[in-house]
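Here the structure is laid out as structure tokens; the discussion comes afterwards.
Start at 1 with the first residue, then count along the sequence. Quantities reported herein were computed from a predicted structural model and do not represent experimental measurements.
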Amino acid sequence: MEKLQSPARDIHPDTRNGLHPVTLLNRNNLTLLDTGTSAEQFLQQKISNNIAQGHQDAFYVADLGDIKQKHWRFMKELPRVKPFYAVKCNSTNEVLQMLATLGTGFDCASMGEIDMVLRMGVPAADIVYANPCKQVSHIKYAAAHGVCKMTFDCEAELFKIAAFHPKAEMILRIATDDRDAWCALSSKYGALVEQCEDLLKTAKNLNIQVIGVSFHTGSGCKNTHSFCKAIEDARKVFEIGKKLGYQMRLLDIGGGFSGNSEFRPTFEEFADVIRQSLNQYFPNNKEVEIISEPGRYYVESAFTVALNIITKKEVYEKGADGNSRRKFSYILNDGVYGTFLDFYLVKEKQKLKPLLGKDFATEQELFPSNLWGPTCTNVDKLVNEFYLPELETGDWVIFPNMGAYSISMSTTFNGFPQPKVYFVLSKGDE
Ligand SMILES: *Cc1c(COP(=O)(O)O)cnc(C)c1O
């Protein structure tokens, strides 16, 4: 059984000092926090106001300052690598604007995502169309808008590119060992190193440009060694490409890094291993441009969602000893069809840890508690038998680290709306 966590105190301990000049960012929807005010305090204030005014709607607080901090950390740890943020992870306008302002590129997987990013004024050269399997109309759209960098992992894709985007600069996606990751993407994408020579020969015969290699070690990657192996394999494919006359000049190391500070290995540990492997297999900066496609890393910790308990139910259950025990079910106003779909899909691997919107005495008795979403289905369950003090209808439950694959996946099934997002900008290091 998991133990109760005390309510979060410092979601963003590292936000200090002045503001970075944000040029693109539309500040109308943004609350600028004073020095000394954290996103956590903003959230507590919002909850107090909601209680005072009788409002129950679930809401997010998103700290764009946290995203900025993540960016500086990325640049510091992996100075040779340019991040292309994976748009699918969280495509809210403010997030994309913040990242565009910071100067990241973007990893897009569809016409819709490319369109969103181009509309913000991001140059086509800062987009990698990193979906190896693309619909023809989307390829034509990319061609018409000058988006040239795109990935492939099979022959069928090459025939489409030859026909509809002859100027494309193709990146060969290779499979990785991602068995330990939350989402093992290589079960769907990526050519084996042994297949690459034939693919590159086909590309050559079709007069298609190939500029490099990409991989993804799986979303929520747990194993730093996956990167060593993938970078080593990428080198092998570079050599095959060169032998066939290609000038291989781009390495794309994908995403997969968690953005949650409790995740192990840490980003720094991954970065150490990646730096070493890059120095070993791609020592020459002039020969190769290195990019990455982080999603979770940038947005996970920036978003916190606060849900209201709309109904409390007591459940009586007989334990193994024949004695009945007290247990509670709480129905919250967002769930698996909303913010928590990704958690549901990989729930064996990720565990949700709710925090409470009010303080409790440490000696207070804890009861096994189930937390459910609001829709009328029995799969809409967030947390099973978590030990919590007795809560009441109207109390607030808080889930930090909810920025990745939450809003971007959520539905309005059963008529439940997506929680509103309050964007704040905490002060951080320049
Ligand atoms: C989803 C995806 C990413 C982002 O993965 P994270 O685990 O969120 O970093 C990057 N590249 C590709 C090709 C993806 O499909």
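Ser226 places a side-chain N or O within 3.5 Å of a backbone atom of Asn223 that can act as its donor or acceptor partner. The closest donor-acceptor contact from the side chain of Asp107 to the backbone of Ala86 lies at 3.5 Å or more, if one exists at all. Of the possible donor and acceptor atoms, none in the side chain of Thr37 sits under 3.5 Å from a partner among the backbone N and O of Leu33. In this structure, the side chain of Ser406 engages the main chain of Met402 through a donor-acceptor pair within 3.5 Å. Although no hydrogens or angles enter the test, the distance criterion places a donor-acceptor pair under 3.5 Å between the side chain of Arg275 and the main chain of Glu77. With hydrogens and angles disregarded, no donor-acceptor distance shorter than 3.5 Å links the side chain of Asp380 to the backbone of Thr377. Looking at His138, its side chain never comes within 3.5 Å of a backbone N or O of Ser110 through a donor-acceptor pair. A donor-acceptor pair under 3.5 Å is formed between the side chain of Ser408 and the backbone N or O of Lys88. Of the possible donor and acceptor atoms, none in the side chain of Thr151 sits under 3.5 Å from a partner among the backbone N and O of Arg173. With Ser369 contributing its side chain and Phe367 its backbone, the two residues share a donor-acceptor pair below 3.5 Å.
From Met248, atom CE reaches atom CD1 of Ile171 across 10.0 Å, with rounding to the nearest 0.5 Å. Taken to the nearest 0.5 Å, the OH atom of Tyr297 stands 9.0 Å off from the CZ atom of Phe257. Here the NZ-CD1 distance, from Lys313 to Ile331, works out to 5.5 Å after rounding to the nearest 0.5 Å. If you take CH2 on Trp72 and CE on Met75, they are separated by 7.5 Å, rounding to the nearest 0.5 Å. To the nearest 0.5 angstrom, Leu332 atom CG is 7.5 Å from Ile310 atom CD1. Separation of atoms CG (Leu30) and CZ (Phe423) is listed at 8.5 Å; rounding is to 0.5 Å.
Under 4.0 Å is where a charged nitrogen must lie from a carboxylate oxygen, and between Glu385 and Arg325 at least one such pair does. At a threshold of 4.0 Å, the pair Glu232-Arg235 does not count as salt-bridged, since none of the basic side-chain nitrogens sits closer than that to a carboxylate oxygen. Taking the charged nitrogens against the carboxylate oxygens, Asp57 and Lys420 have no contact shorter than 4.0 Å, which rules out a salt bridge. A salt bridge does not link Lys149 to Glu289: none of the charged nitrogens lies less than 4.0 Å from a carboxylate oxygen. A salt bridge does not link Arg326 with Glu365: every distance from a Lys NZ or Arg NE/NH1/NH2 to an Asp or Glu carboxylate oxygen is 4.0 Å or more. For Glu300 and Lys70, the salt-bridge test fails: no basic side-chain N is under 4.0 Å from an acidic carboxylate O.
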inquiry  = ring-ring contact (aromatic ring centres under 6.0 Å, His included), that's the test. Do Tyr281 and Phe238 meet it? Break it down for me.
reply    = CA-CA 10 Å; Tyr281 295 105; Phe238 261 59; over 10 Å; no
* To do: Using the ring-ring contact (aromatic ring centres under 6.0 Å, His included) rule, take Phe343 and Trp182 through it: C-alpha gap first, then chi angles, then the decisive distance, then the call.
  => CA-CA 10 Å; Phe343 274 84; Trp182 287 336; 7.7 Å; no
Determine, stepwise, if the pair Leu388 / Leu356 fulfils side chain to side chain contact (heavy atoms under 4.5 Å, CB included). CA-CA 9 Å; Leu388 293 172; Leu356 304 175; 4.1 Å; yes
Pair Leu251, Ile291 - check side chain to side chain contact (heavy atoms under 4.5 Å, CB included), show working.
CA-CA 6 Å; Leu251 172 66; Ile291 70 171; over 6 Å; no
Worked verdict on Lys312 versus Glu390 for salt bridge (Lys or Arg N to Asp or Glu O under 4.0 Å)
CA-CA 10 Å; Lys312 166 195 182 183; Glu390 183 173 352; 2.6 Å; yes
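Side chains of Arg80 and Asn279: a donor on one and an acceptor on the other come within 3.5 Å. Under 3.5 Å, the side chains of Asp272 and Gln276 contain no donor-acceptor pair of N or O atoms. Using modelled atom types, one finds a donor on one side chain and an acceptor on the other under 3.5 Å when comparing Asn384 with Lys381. There is no side-chain donor-acceptor pair under 3.5 Å between His216 and Tyr189. Side-chain polar atoms of Gln418 and Ser410 form a donor-acceptor pair below 3.5 angstrom. Asn260 and Ser258 form no side-chain donor-acceptor contact under 3.5 Å, judged by distance and modelled atom types alone. In this structure, a donor-acceptor pair under 3.5 Å is present between the side chains of Asp66 and Ser301. Side-chain N/O atoms of Ser38 and Glu40 include no donor and acceptor closer than 3.5 Å.
Contact of the Leu307 side chain with the Phe340 side chain is registered, since non-hydrogen atoms from C-beta on lie closer than 4.5 Å.
Among residues two or more places apart in sequence or in another chain, the side chain to side chain contact (heavy atoms under 4.5 Å, CB included) test is passed with Ser186 by Ala175, Thr176, Asp178. Not counting sequence neighbours, the partners of Asp334 by the side-chain hydrogen bond (donor to acceptor under 3.5 Å, both in side chains) test are Thr339.
Ring planes of Phe413 and Tyr337: tilted class, angle from 30 to 60°.
Listed by first then second residue, pairs satisfying side chain to side chain donor-acceptor pair (under 3.5 Å) with a partner in residues 120-132 read Lys82-Asp126, not counting sequence neighbours.
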